[in-house]
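All remarks here apply to the structure that follows.
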Amino acid sequence: MDLLALADFNLVARHGGFGRAARATGRPKATLSRRVTELEAALNLRLLERGARALRLTEEGRALHERTGALLTELEETAAAIASGGEKPRGRLRISAPLLFSQTAMGKLAAGFALKYPEVRLEVTTEDRAVDMIEEGFDLVIRVNPDPDDGLVGRIFLRDRLVAVASPDFVRPTGDLAVPAIVRSEGDRLAWDVKTPTGLSTIAIKPVLALSSLLMVRDAVRAGVGAGRLPISLVSHDLADGTLVHWGDIDGSDIALWTLYPSRRLLSARVSAFLDYLKRAFPKGTPDELAAYIGE
């Protein structure tokens, strides 16, 4: 396979057309078209559907782009690093991170990383959905308790857990009495199973507010509207100060934050640098470390 033709094909695929690729790279449009045609002939496959106004990857073309585009980028970066005398992190690093972690810690992490590695252009997108890393062009994703994925590898860098908390003015109910509660959605269960030093018990709740953000839930709990289920890292300072009271740990609520990246891709210097930076920020990966980091 002609690697130059393969590189030109990936340029066209990445930019969405011959004209756009030519303008972005300064390469002649006719040369790009000829190289892609030669690659199609060599593989005996149609890689692009050429319309009058639009260009679309075929199924085979999409598969080839997904499997070779990242590898070619790694080869280019490796060659550039060797030529410059070292594997120094540089270039764009795209990360997808969940909402709560982004709101509480990611800004500080990103700023510190940018100061340490000024040649890396860090881009962080905040969303809780499961993104397609290859299709959407992310180098690294941070996810909470992700589903197993054979196409990704990763590691846990933080752990947390949910706790039931309330204002000191609220008396924990007994029996079947329900306590006013702030929930994430109206579909939440009407009871919480909590672990206490005396064993497992159930707290009946009566939702009075449904708020989509855990930060909003915490603020409402602080205001004394009702009890709430929140990560211990988010309320540990309140518990230490006595402004909130711990009613118990939510049963089965262990939270693991993972960093994930494609298993078929060589780990770039910038991804390795960010993973190492996370490790230095949270060496033990405990809720107390996260709470301390947020509170600094």
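Note that the structure is a prediction, hence the values are computed from the model and not measured.
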> D288 and S236: side-chain donor and acceptor closer than 3.5 Å?
Replying inline: no

>> Measuring only between side-chain heavy atoms, which start at C-beta, is I182 closer than 4.5 Å to V225?
In response: yes

> Quick one: CG on L55 to CZ on F18, what's the gap to the nearest 0.5 Å?
Replying inline: 5.5 Å

>> Which residue is it: L290, T126, V144? I am looking for the one with a side-chain contact (heavy atoms from CB on, under 4.5 Å) to F101.
In response: L290

>> Considering only residues two or more places apart or on different chains, which pairs with a residue in residues 210-226 satisfy salt bridge (Lys or Arg N to Asp or Glu O under 4.0 Å)?
In response: D219-R222, R222-D238

> With a 3.5 Å cut-off and no angle check, do the side chains of S96 and R143 form a donor-acceptor pair?
Replying inline: yes

> If we only count heavy atoms from C-beta on, is the L39 to L45 side-chain gap below 4.5 Å?
Replying inline: no

>> I'd like to check E38 versus F9 (side-chain heavy atoms, cut-off strictly below 4.5 Å). Are they in contact?
In response: no

>> When you measure from the centre of the six-membered ring of Y293, is the NZ or CZ of K108 closer than 6.0 Å and no more than 45° off the axis?
In response: yes

> Can you find a pair of side-chain heavy atoms, one from L162 and one from D249, that are under 4.5 Å apart?
Replying inline: no

> Just how far is it from atom CG of D254 to atom CG of D251, taken to the nearest 0.5 Å?
Replying inline: 9.0 Å

>> Could you see if V163 belongs to whatever hydrophobic cluster contains M216? Use Ile, Leu, Val, Met, Phe, Trp, Tyr and a side-chain cutoff under 4.5 Å.
In response: yes

> With a 4.5 Å heavy-atom cut-off, do D160 and T286 have their side chains touching?
Replying inline: no

>> Once rounded to the nearest 0.5 Å, what's the spacing between atom CD1 of I255 and atom CG of L158?
In response: 10.5 Å

> Would R121 and E123 count as a salt bridge (Lys or Arg N to Asp or Glu O under 4.0 Å) if you check the C-alpha gap in whole Å, the side-chain angles of each, and the deciding distance to 0.1 Å?
Replying inline: CA-CA 7 Å; R121 189 173 75 255; E123 299 176 8; 3.6 Å; yes

> Taking atom CZ of F157 and atom CH2 of W258, what is their separation to the nearest 0.5 Å?
Replying inline: 11.5 Å

>> Between H237 and A291 (side chain of the first, backbone of the second, donor and acceptor by atom type, cut-off under 3.5 Å), is there such a pair?
In response: yes

>> What's the separation between atom CG in L177 and atom NZ in K206, rounded to the nearest 0.5 Å?
In response: 12.0 Å

>> Quick check: is I156 connected to L260 through a chain of hydrophobic side chains (ILVMFWY, heavy atoms under 4.5 Å apart)?
In response: yes

>> If the condition is salt bridge (Lys or Arg N to Asp or Glu O under 4.0 Å), which residues does R46 pass it with, not counting sequence neighbours?
In response: none

> Should Y277 and M106 be counted in the same cluster of Ile, Leu, Val, Met, Phe, Trp and Tyr side chains packed under 4.5 Å apart?
Replying inline: yes

>> Regarding T25 and R20, do their side chains bring together a donor and an acceptor under 3.5 Å, going by distance alone?
In response: no

> Considering the options V245, L239, T243, which one meets the side-chain contact (heavy atoms from CB on, under 4.5 Å) requirement together with V165?
Replying inline: L239

